[in-house]
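Note on naming: letters A, B, ... go to the chains in the order of the sequence lines (proteins, then strands), and numbering restarts at 1 for each one. Every value quoted in this text rests on a predicted model; they were computed, and no experiment measured them.
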Number of protein chains: 2
Amino acid sequence: MDIWKRFGEKEVSHSMAHYLQAVAALKADKGHARVGDIADNLGVSKSGVTSMLRSLERRGLVRHERYGCVELTNEGSGLATRTESSRKVLTMFLAEILGVPEDVASEDACMIEHLVSPEVSLELLRLTTFMRSKHPVAAKFREAYRASPRSCAEHAPDDCDMCGSTCLHESLMYQVEKAPQRA
Amino acid sequence: MDIWKRFGEKEVSHSMAHYLQAVAALKADKGHARVGDIADNLGVSKSGVTSMLRSLERRGLVRHERYGCVELTNEGSGLATRTESSRKVLTMFLAEILGVPEDVASEDACMIEHLVSPEVSLELLRLTTFMRSKHPVAAKFREAYRASPRSCAEHAPDDCDMCGSTCLHESLMYQVEKAPQRA
DNA sequence: CAACAGTGTTAAGGTAGTTTAACTCGTGCG
DNA sequence: CGCACGAGTTAAACTACCTTAACACTGTTG
């Protein structure tokens, strides 16, 4: 039970994952990552960077000494690369296979990249690769899939092997009000 | 830029999504949701529930008066149902289509259910439905896919149309050390 | 070689979500 | 009736992440 509580026990939080990626990207582009660059890159204040670096250092993901440049440890760099790859795979899958708009695909991928397990990312890569491949079955599939219904047309409540008692399609259509909510 | 910052601007946080689902589940099972039931259901303290209910009330997702039962507003209930449906779709897709182990599928679905956009969930439902269907192409696809390679066997760096310069497959294999990390 | 510009850090404060401990409400029973 | 006990709430404290404002370091340059 209580799987939901493991959210806070992931190797890295959403913020941390992005700090690591920013450091990796700056290192790759400019040869070094400084506090100010990271701050600009992520759109946060420099003091925020300093304090996050302290957390990352405690976790053994970066090395940073006062007024110096930031280096990723092996662990930090592995994590940054894995997260990056995870995002790439997710974005490809969402945009090219599911066919959702690019901006939605990118945003969703960014939100979940650090949360999906490597098993899932690996299988998603495999599926995406196969679906895009020249394999004759893949081509047929893409075509048939394109023609498949977008909604539960002939949906009979309690007799749909996907849905059960609440229609999944309908409940997913629920749109949150974009109304003002704070005084 | 700064898509990553929108993480904190989702309609509901991970915790909130689970509180809403707990309230909905208790209401469905027992006819009412009380603070203690919610606390037991989620494995948190009663005071934690009280304070979360305050936040949810501010956002217009529940109604709760001192010492009374908790009710979902229409908005809260829509959100609870949508999140639940999103989890179902994700779990089905991960377990049945990707074929990852049940426990991994459930855990990943739980982590991301509130983060994937409805567009993505809807398309995922469509793909899952089609893949499981009796459509002849779907059956062929499942078979061919089962036989497709699990890794980038004939992968040539910089000449793989998925990977680019870092092999996605390899970087996703990176395993985080499960070493102790706090003093 | 000393002052200035710019880079980085500290200090203090805010929100979100959690905990424990202590207090209050309200009700069922003797 | 009254009071005890369980359910709920408040208060204080903690972690994580962020901000602004003020201060400290560093290196370039006149």
Side-chain angles (χ1 to χ4, degrees), chain A residues 2-23 26 30-59 61-71 111 114-115 181-183, chain B residues 2-23 26 30 32-71 111 114-115 181-183:
Chain A
D2 292 351
I3 298 179
W4 78 280
K5 282 195 164 187
R6 296 214 273 273
F7 191 81
E9 293 163 18
K10 287 271 159 188
E11 303 96 282
V12 287
S13 65
H14 178 73
S15 291
M16 285 180 167
H18 284 275
Y19 276 86
L20 293 178
Q21 288 183 72
V23 173
L26 288 164
K30 317 182 132 192
H32 59 268
R34 287 177 314 167
V35 170
D37 300 330
I38 300 171
D40 292 347
N41 189 291
L42 293 174
V44 299
S45 63
K46 284 178 292 176
S47 55
V49 175
T50 302
S51 88
M52 177 57 94
L53 289 175
R54 221 176 351 254
S55 305
L56 292 171
E57 186 144 43
R58 257 192 279 123
R59 276 184 168 55
L61 301 174
V62 303
R63 257 168 280 113
H64 175 225
E65 41 205 51
R66 271 172 71 103
Y67 301 102
C69 285
V70 181
E71 300 294 335
M111 298 300 158
H114 65 299
L115 294 169
Q181 58 192 12
R182 300 171 171 280
Chain B
D2 293 351
I3 297 179
W4 77 280
K5 282 196 163 183
R6 297 214 272 272
F7 191 82
E9 293 163 17
K10 287 272 158 188
E11 304 95 280
V12 288
S13 66
H14 178 73
S15 292
M16 284 180 168
H18 284 275
Y19 275 87
L20 293 177
Q21 288 183 70
V23 173
L26 289 165
K30 317 183 131 186
H32 58 269
R34 288 178 313 169
V35 169
D37 300 330
I38 301 172
D40 292 347
N41 189 290
L42 293 175
V44 298
S45 63
K46 284 180 291 175
S47 55
V49 174
T50 303
S51 88
M52 179 57 94
L53 289 175
R54 218 172 359 248
S55 305
L56 292 170
E57 186 144 45
R58 257 192 280 123
R59 277 182 166 56
L61 301 174
V62 304
R63 258 168 278 110
H64 174 225
E65 42 204 52
R66 275 170 69 102
Y67 301 103
C69 284
V70 182
E71 301 294 336
M111 299 299 159
H114 65 299
L115 294 170
Q181 58 192 15
R182 299 171 172 283

Q: Can you tell me how far P of D:dA16 sits from CE of A:M52, to the nearest Å?
A: 10 Å

Q: Could you check whether B:G48 gets within reach of a base, just the sugar-phosphate, or nothing at all, counting any heavy atom under 4.0 Å?
A: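 Since a base atom lies under 4.0 Å of B:G48, the category is base.
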
Q: Which value, rounded to the nearest 0.5 Å, describes the distance between A:C69 atom SG and A:L26 atom CG?
A: 10.5 Å

Q: Hey, could you give me the CD/CG distance between B:E11 and B:L115, rounded to the nearest 0.5 Å?
A: 9.5 Å

Q: Could you walk me through whether B:K30 and B:D37 pass the side-chain contact (heavy atoms from CB on, under 4.5 Å) test, one step at a time?
A: CA-CA 10 Å; B:K30 317 183 131 186; B:D37 300 330; 3.5 Å; yes

Q: Using whole Å, what does the distance between atom P of nucleotide D:dA16 and atom NZ of A:K10 come to?
A: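 Rounded to whole Å, this separation is 18 Å.
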
Q: Atom CZ in A:R63, atom CD in A:E65: separation rounded to 0.5 Å?
A: 9.5 Å

Q: Any side-chain N or O of B:H32 below 4.0 angstrom from OP1/OP2 of D:dA7?
A: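 It does not, given that no N or O in the side chain of B:H32 lies less than 4.0 Å from OP1 or OP2 of D:dA7.
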
Q: Counting just side-chain N and O atoms, does B:Y19 come under 4.0 Å of either OP1 or OP2 of C:dT18?
A: yes

Q: Looking at B:K5 and B:D2, does any basic side-chain N land under 4.0 Å from a carboxylate oxygen?
A: no

Q: Would you mind classifying the nucleic acid contact of B:V49 as base, sugar-phosphate or nothing, using non-hydrogen atoms under 4.0 angstrom?
A: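 Nothing, no nucleic acid heavy atom in range.
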
Q: Just the rounded figure in Å: distance from C1' of C:dA5 to CZ of A:R34.
A: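 Those two atoms, CZ and C1', are 13 Å apart.
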
Q: Give the ring-plane orientation class for A:H114 versus A:H14, where under 30° counts as parallel, over 60° as perpendicular and anything between as tilted.
A: tilted

Q: For A:K5 and A:K46, take the nucleotide of DNA chain C holding the closest heavy atom to each; which residue's nucleotide lies nearer the 5' end?
A: A:K46

Q: Considering all heavy atoms of both residues, which atom of A:Y19 and which atom of A:L56 are nearest to each other, and what is their separation?
A: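 The answer is CB-CD1, 3.9 Å.
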
Q: Could you tell me how far apart A:L56 (CG) and D:dT15 (P) are, to the nearest whole angstrom?
A: 17 Å

Q: End-to-end bend of the helix from C:dC1-D:dG30 to C:dG30-D:dC1 (five-pair axes, 10° rounding)?
A: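 Roughly 30° between the end axes, to the nearest 10°.
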
Q: When you get a sec, tell me which of C:dT18, C:dT19, C:dG17 is the closest nucleotide to the side chain of B:S51?
A: C:dT18

Q: Which nucleotide in the set C:dA16, C:dG17, D:dT19 lies at the smallest distance from any side-chain heavy atom of B:R58?
A: C:dA16

Q: Tell me the interatomic distance from B:H64, atom NE2, to D:dA7, atom C1', rounded to whole angstroms.
A: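 After rounding, the gap between these two atoms is 11 Å.
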
Q: Kindly say if A:R66 contacts the phosphate of C:dT10, meaning a side-chain N or O under 4.0 Å from OP1 or OP2.
A: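 Checking C:dT10 against A:R66, a side-chain N or O does come within under 4.0 Å of OP1 or OP2.
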
Q: Using OP1 and OP2 only, check whether a side-chain N or O of A:H18 sits under 4.0 Å from D:dC18.
A: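 Answer is no, no contact under 4.0 Å.
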
Q: Does a side-chain N or O of B:R54 approach OP1 or OP2 of C:dG17 to a distance below 4.0 Å, or not?
A: no

Q: Grab the CG-P distance between B:L42 and C:dT18 for me, whole Å please.
A: 9 Å

Q: Find the distance B:H114:NE2 to C:dG17:P and express it as a whole number of Å.
A: 11 Å

Q: Considering only D:dT9, C:dG8, D:dC18, which nucleotide approaches the side chain of B:T50 most closely?
A: D:dT9

Q: Classify the nucleic acid contact of B:S45 as base, sugar-phosphate or nothing, counting any heavy atom under 4.0 Å across all strands shown.
A: base

Q: Counting the atoms with a prime plus P, OP1 and OP2 as sugar-phosphate, which does A:H14 contact under 4.0 Å by heavy atoms, base, sugar-phosphate, or nothing?
A: nothing

Q: Drop me the distance from B:I38's CD1 to B:M52's CE, to the nearest 0.5 angstrom.
A: 11.0 Å

Q: Would you say D:dA16 has OP1 or OP2 under 4.0 Å from some side-chain N or O of A:S13?
A: no

Q: So, does the side chain of B:S47 form a donor-acceptor pair with the base of C:dT20 at under 3.5 Å?
A: yes

Q: Distance check needed: C:dT9 C1' versus A:L53 CG, whole Å only.
A: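 Rounded to the whole Å, the gap is 11 Å.
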
